[in-house]
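A quick write-up on the structure given underneath.
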Number of protein chains: 2
Amino acid sequence: MDQTDKKILKLLQEDGSITTKEIARRIHLSNTPVYERIKKMEREGVIKKYVAVLNREKLDRDLIVFCNVTLKEHSKIIGHKFVEDITALEEVVECYNISGDYDFLLKVMVKDMKAYQDFVLNRLGEIENIGSAHSTFVMGEIKQSYKIPITE
Amino acid sequence: MDQTDKKILKLLQEDGSITTKEIARRIHLSNTPVYERIKKMEREGVIKKYVAVLNREKLDRDLIVFCNVTLKEHSKIIGHKFVEDITALEEVVECYNISGDYDFLLKVMVKDMKAYQDFVLNRLGEIENIGSAHSTFVMGEIKQSYKIPITE
DNA sequence: ACTGAAAGACGTCGAAT
DNA sequence: ATTCGACGTCTTTCAGT
């Protein structure tokens with residue numbers, strides 16, 4: 001992966017529906033090499049996929065909550081069940097195994113506070129292994145980028 | 001926005017480079033209405049953009065850290081400067097204004113622990129308003145979805 | 001609001017350097 | 001590893017229902 005590949009990746013992170021023709025124009029190459037490079041990076045998994053980025057507010061998901069979760073002591077080794085259960089919840093858009101006082105950090109996306117209450121009681125509450133949960137509410141989204149920083 | 005639009009959005013969140021023809025086939029419509037609906041949702045901002053999703057590891061960004069930050073007492077009202085400064089940092093891929101003990105939550109993406117140390121000392125350290133910072137390290141990525149949950 | 005068809009642009013691939 | 005050219009497919013538009 002050289003500088004040319006990185007230039008292509010930066011453009012594709014910015015706009016996934018940019019044409020190979022336009023990329024070629026911007027990096028001063030013809031179609032084919034750009035095309036071949038992109039296909040190679042897709043094959044190798046450098047480019048995982050292409051997605052449409054939607055507007056949260058217009059889809060009634062106005063509230064984001066970061067939910068810190070601990071597992072019950074005896075469940076920490078058998079975390080697999082928790083992972084399965086949590087992955088199945090569509091409100092949980094991200095989940096990380098973390099260092100520190102808690103075991104997992106969930107990013108939860110719901111309509112409003114009432115929906116979050118419902119999530120904690122009826123969804124999280126149904127999962128057996130959970131010891132405790134601490135919620136941090138997002139009041140404002142300052143920066144949101146799906147880009148991986150690419151070094152020169 | 002009706003059920004047909006939502007079906008289209010779900011498909012586009014899954015695969016942003018799916019053809020209108022294929023969408024049309026799957027939802028049993030012809031090209032034109034699918035095309036018109038997508039263009040309408042792009043115009044209205046329901047669909048913000050299309051992006052390529054890249055592989056973090058293959059781009060030397062193996063470490064994710066959630067960094068909880070407080071501002072100095074006198075700076076809390078004048079948060080604008082902090083917002084500007086933090087947005088400019090490419091390692092900070094997300095930033096939220098949050099409830100609780102801290103003022104902001106940053107999601108930071110770096111190569112390794114050494115790079116994070118450098119980030120805290122030389123990047124965050126340069127920003128004037130910061131009172132304290134508490135880092136939570138990601139040990140494992142359990143779930144990562146860019147999809148907004150879409151209700152029926 | 002949808003169907004079907006037609007025109008133009010783009011993705012895709014082979015031959016050549 | 002790149003350029004050029006040709007083919008097939010998709011996007012985009014339009015007339016008609």
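Note on naming: letters A, B, ... go to the chains in the order of the sequence lines (proteins, then strands), and numbering restarts at 1 for each one.
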Whole-Å distance separating the [atom1] atom of [X] from the [atom2] atom of [N]:
X	N	atom1	atom2	value
A/Met41	D/dA1	CE	C1'	15 Å
B/Asn31	C/dC2	CG	P	13 Å
B/Leu29	C/dC2	CG	P	6 Å
B/Lys39	D/dT12	NZ	C1'	9 Å
B/Leu12	D/dT11	CG	P	11 Å
A/Ile38	D/dA1	CD1	P	16 Å
B/Glu42	D/dT11	CD	P	11 Å
A/His28	D/dT2	NE2	P	14 Å

- Query: Within the pair B/Arg37 and C/dA1, is there a side-chain N or O less than 4.0 Å away from OP1 or OP2?
  - Reply: no
- Query: Is the distance from OP1 or OP2 of D/dT12 to the nearest side-chain N or O of B/Tyr35 less than 4.0 Å?
  - Reply: yes
- Message: Using side-chain heavy atoms (C-beta onward) and a distance below 4.5 Å, is A/Tyr102 in contact with A/Val69?
- Response: no
- Identify whether any heavy atom of A/Thr32 sits under 4.0 Å from a base atom; if not, whether one sits that close to sugar-phosphate; answer base, sugar-phosphate or nothing. base
- If you look at every strand shown and take non-hydrogen atoms under 4.0 Å, does B/Ser30 touch a base, only sugar-phosphate, or nothing? base
- Task: Could you check whether the rings of A/Phe104 and A/Phe82 sit parallel, tilted or perpendicular, using 30° and 60° as the cut-offs?
- Result: tilted
- Note on the structure: Per atom distances to the B/Lys21 side chain, the nearest of D/dT13, D/dT11, D/dT3 is D/dT11
- Query: Choosing from D/dT2, D/dT13, D/dT11, which nucleotide comes nearest the side chain of B/Glu36?
  - Reply: D/dT13
Within the side chain of [X], is there an N or O that forms a donor-acceptor pair under 3.5 Å with the backbone of [Y]?
X	Y	value
A/Gln13	A/Ile148	yes
B/Lys72	B/Glu128	yes
B/Asp103	B/Leu71	yes

